[in-house]
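Working notes, beginning with the structure itself.
Naming convention: chains lettered A, B, ... in sequence-line order (proteins, then strands); numbering from 1 in each chain.
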Amino acid sequence: MRSQWRTLALYAVLTLVSIVWIVPVLGAAAIAILPLDQSTKGWWRADASTATLANFRRVWEGGLSGYALNSLIIAVLSVLITLAVGTLAAYAIARMRFRFRTIVQVMLLTTMIVPVQIILIPLIPWFRTLGLNSGSWQYLGIALVHTAFGAGWAIFMLSSFFEAIPNELIEAAKLDGASSLKTFTTIALPLAIPGIVSFVIIDFVFVWNDLLMGLTLLDADHRPMTVGLANLNAPQLNQDDLISAGSILAILPPLLLFALLNRYYVRGLFAGAVKG
Amino acid sequence: MTIRKTTHVGRLSAVAAALCVVPLAAACSGSNSGAEGSGTGKPSGDIRVVSNWTGVEGEAFQAVVDGFKSKYPGTSVKVEVVPFDQTQTQLSQQFASGNAPDAAVALPGMVRQFSQQGLLMNLDEQWKTWIDKGEYNQSLKAIAMGADGHADAVYFKGNVNGLIWSTKATQTKLGLTKAPTTWAGFTAALDKANASSKAFAVGAKDVWVPTQWVDPVMLNVAGVEKFQQLQQGKIGWDDPKVVEAMTVLTGLIEKYWSGDAMDTGFNDEVCGWVSGKHAFGNNGAFVNGVVPSCDKNLKSGTDYNFFPLPAYDGHKSAQSVSGDLFVGNKQSKNPATTKAFLAYLGSVEGQSIWAKKGGYVAPNMKVPTDVYPSANDKKAAGLWPKDASAAAGYDLDDWIGGEIQVKYRQALQNLIRNKDVAAFTQAMVAADTRSKG
Amino acid sequence: MMPSRARTASAKSRGRGSESRLAYLFLAPMLAIFVGFYVWPALATLSSSFFTWGMLNPWRVDRPDLWVSAGVSNYTTTLTSADFWNAGLNTAVWLFVFPVLVVTISLALSLLMWEAKRGAGFFRSAIIVPMTISLAAVGVIWGFVYNPNPDKGLLNAGLRLIGVGNADLTLGPLELHLGRWLSNPGVLHIGGLDVRLTNIMIIIPAVWAFVGFGVITFTAGLTSVPAELLEAARVDGASRWQTIRHVTLPSLRPSVIVVVVISVIFALRTFDIVFVTTGGGPAQDTEVLGLLLWQQAFQFLDSPRAGQAAAIAIIMSVVLIAGAMPFLRKNGASS
């Protein structure tokens with residue numbers, strides 16, 4: 001009897017907490033689907049029949065579509081580059097012995113600790129020198145910075161997947177006379193795919209959600225959604241309906257990724273956690 | 001490009017790849033500007049312009065831009081809007097990364113900073129033409145001067161400040177048949193208003209709003225000379241007259257400002273006095289265009305109007321003005337069109353377009369008064385200083401700009417919170433060291 | 001087929017040498033990007049922190065004729081400036097409050113969800129969802145919650161409902177102003193310092209978004225609590241609470257350390273959410289070091305402060321590396 005009461009209390013608390021957790025997002029979503037005059041008197045009192053998608057359309061056509069495209073390009077490019085160079089490097093760190101291994105690891109580790117601003121300040125003149133400050137080159141520039149700054153995290157995650165590969169498989173390939181590169185592409189990579197998928201999702205969400213780098217390094221045409229959202233938040237105007245719609249649109253892609261590929265996302269974070 | 005074959009092929013080829021990016025990128029960036037205009041001749045081609053107006057004002061600016069495009073077919077102007085409070089940051093970022101626009105809205109403080117780095121177009125010639133034709137005068141030109149000794153901006157949008165607004169309904173309720181012309185009459189009206197609710201609606205959450213209070217009070221209490229000396233860093237914030245002005249202001253804050261001033265923004269402030277929740281609002285002339293968003297039914301002039309802040313205890317009153325300038329990028333890829341655009345922005349033709357829409361005071365002295373749509377607009381335009389003898393002070397912090405402006409706004413927020421004039425003076429003396437040499 | 005002994009001796013040493021070269025080949029692309037876009041800019045920041053320069057005429061390593069030396073004055077000015085210590089105070093609030101809230105809330109929730117074997121997935125999802133949201137969006141979303149207008153803001157509507165409105169309370173050194181969440185929620189006066197509670201109001205959304213990470217970490221840790229110990233506790237007749245206290249929590253110690261370290265690093269680096277919510281205001285109440293840095297490099301142009309911004313970045317990095325490195329090395333060195 002007592003344990004039943006206890007279980008009930010347990011589930012009640014958890015349900016309450018979950019509701020409280022979702023309420024802020026619910027509020028923003030409610031304001032996003034209501035016309036402005038309905039939400040100025042409190043969205044909880046609004047007439048539900050006035051729900052409309054007009055705010056989304058307005059904010060999308062008002063420039064957010066361009067920002068969304070930019071976010072997509074930047075995130076995809078960044079993840080691809082990180083994947084390409086990161087898997088190679090992680091494989092080496094996980095399975096090969098070489099001098100300076102510790103030093104390299106330590107240096108990569110610092111990227112997870114130091115504030116981004118330490119590289120941001122000289123980056124504007126540096127991009128100018130490299131020619132990465134104009135036009136579509138900016139996409140490449142910021143993708144490279146994301147890769148560099150995310151290198152520590154990438155190695156941390158990816159190397160754990162490569163370490164988990166049974167030694168026998170690698171030895172067998174070597175005995176068959178395969179070069180390291182061939183072993184890597186035909187044996188190691190395929191086996192690490194589940195882990196790599198997790199990494200891709202986490203890295204994509206991370207780059208998609210970045211604000212500071214996009215704010216500092218990109219011009220208006222190449223701005224990501226986060227910066228666009230921050231700009232919409234200008235206090236001058238009463239545009240709650242637009243900002244809320246913008247925020248919902250901005251969080252949709254990572255949310256969808258999480259919903260659809262839940263298992264991979266969580267497992268990826270698990271991997272980082274278990275390793276710790 | 002030869003690649004030496006060594007055992008470290010991998011590393012070298014990576015470096016070579018990186019090096020190859022540079023000349024490619026340099027080649028690419030030079031050829032993306034689209035149609036270019038020549039240095040002289042008819043304006044044509046595209047230019048990119050940065051502005052910070054949104055909503056109703058944004059539409060008005062677009063109308064001016066459209067006017068330019070119809071005057072010069074063959075040109076195209078791309079307007080990029082940045083948030084108002086980030087204008088300086090965004091512009092400096094764009095200049096620093098080499099992505100500067102062809103023209104941009106700016107305040108005098110920014111004009112001087114950018115001109116110091118040699119980034120702006122020299123507009124002396126244009127100003128000479130204007131002054132010769134009587135469209136502008138020297139004191140207006142002084143506001144557009146850069147730190148390099150020549151005029152680096154055009155004066156596009158004027159604004160008159162220190163106007164005390166209220167609705168006719170409120171005035172009737174308070175028995176205010178005539179606008180007060182003395183400080184005593186002013187405070188008497190405020191005391192009457194205080195009986196029902198605090199006299200002033202104030203949107204101090206927007207950090208620029210309190211600065212609009214300091215300007216007219218400082219001009220009227222400390223006088224125009226002290227104001228300009230303070231602005232140019234010739235005297236410090238601890239000057240007795242300056243401190244007196246801040247003390248008077250603090251008195252006003254304590255007695256007459258609404259209690260939730262720090263939580264409400266500009267928009268709520270305007271709707272506050274329009275709806276009668278508070279009696280008065282201290283706003284610039286441009287609010288004339290904002291009022292309809294609070295209440296569509298009020299007619300400018302008949303249902304709401306303003307009176308200028310009266311002179312303080314027998315001193316001479318001076319007019320507080322502000323406004324927006326426009327600068328041109330010296331490195332613009334289309335200087336002819338940019339120059340034409342700037343000339344248009346300062347011309348009677350260009351300015352009349354916005355003047356007709358209201359909520360705007362044209363700096364160009366030749367813009368006729370009948371172009372203004374409402375009684376309030378006409379009255380505000382009448383206050384615009386049309387000759388050197390008219391005493392006027394330009395917005396204090398917009399003129400100074402930079403870090404001192406940011407520190408000043410922070411110190412003002414603290415002043416509103418603590419009502420401590422001594423602390424404010426101390427903070428400003430520390431932040432603004434120009435007068436100390 | 002070589003005789004095995006010879007294979008061991010010479011082939012192995014040859015193997016290790018070529019393995020080293022091979023490793024470098026694999027590492028080369030990553031290292032190239034890493035050096036070009038992390039190491040080099042970091043070194044540039046370090047060097048430029050000893051000079052005076054501004055964003056409009058930046059410090060360039062190839063133009064020594066343009067250098068304006070500042071010696072260590074950027075560091076001394078920073079370490080003696082009121083702005084720096086004010087930002088330091090606000091960052092310190094983040095440093096203490098953020099990790100504590102994240103750990104306690106996520107630990108409590110993890111334990112609760114562990115108890116509720118069925119349906120825990122749903123609860124976990126609800127709590128993890130905010131992790132996927134960018135902090136800019138988090139700031140916007142909570143801006144609606146904190147809106148001081150009781151017709152628009154959820155919290156103030158609630159206050160109005162219970163008839164409290166904008167009450168002011170004073171409890172000893174603690175001053176509270178209800179209802180004005182982001183402008184003036186209160187002050188805590190400790191020893192001469194005024195700690196602005198506005199920081200706490202921004203920390204709360206950040207905690208809300210971060211708890212998901214804690215929950216995942218602790219759940220993973222809970223799966224690896226040694227079963228024998230749990231069994232032994234059960235046999236000994238320990239109550240649920242006693243088991244948790246004496247078996248589960250101690251086993252979770254490594255997870256707690258991970259969450260604390262990552263939270264501390266996040267707290268020190270925070271920028272996004274403060275920028276979007278209050279921009280450091282009102283006045284300088286919520287100005288944290290990450291924001292101050294950005295302002296000094298990108299906002300203040302007339303007094304060329306980028307060198308000082310660089311100094312702040314270096315100081316922060318040194319402190320962070322010195323403090324966090326031992327923990328991360330211990331956890332990373334397990335490879």
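Proximity to chain A (any heavy atom under 4.5 Å) is shown, for C:Val259, by neither the backbone nor the side chain. C:Phe144 touches chain A through its side chain: at least one heavy atom from C-beta onward sits under 4.5 Å away, while N, CA, C and O do not. Both the backbone and the side chain of A:Leu255 come within contact range of chain C, with heavy atoms under 4.5 Å apart. Only the side chain of C:Ile105 comes within less than 4.5 Å of a heavy atom of chain A; its backbone N, CA, C and O stay farther away. When heavy atoms are compared at a cutoff of 4.5 Å, C:Ile321 approaches chain A by way of both its backbone and its side chain. With a threshold of 4.5 angstrom between heavy atoms, C:Phe271 approaches chain A through side-chain atoms but not through N, CA, C or O. In this structure, the portion of C:Trp142 lying under 4.5 Å from any heavy atom of chain A is its side chain and not its backbone. Residue C:Val276 touches chain A through both its backbone and its side chain, counting heavy-atom pairs closer than 4.5 Å.
The candidate with the highest count of non-hydrogen atom pairs below 4.5 Å against chain A, out of C:Tyr38, C:Phe122, C:Phe34, is C:Tyr38. With chain A as the partner, the residue from C:Ala136, C:Ala310, C:Ala126, C:Ala42 showing the most heavy-atom pairs under 4.5 Å is C:Ala126. Listed options A:Val145, A:Thr216, A:Ile248 were ranked by heavy-atom pairs under 4.5 angstrom with chain C; first place goes to A:Thr216.
Taking the six-membered ring wherever Trp is involved, the centroid distance between the rings of C:Phe275 and C:Trp294 falls below 6.0 Å.
Taking a 6.0 Å sphere around CZ of A:Phe206, one finds it holds 12 or fewer heavy atoms contributed by other residues, nucleotides or ligands.
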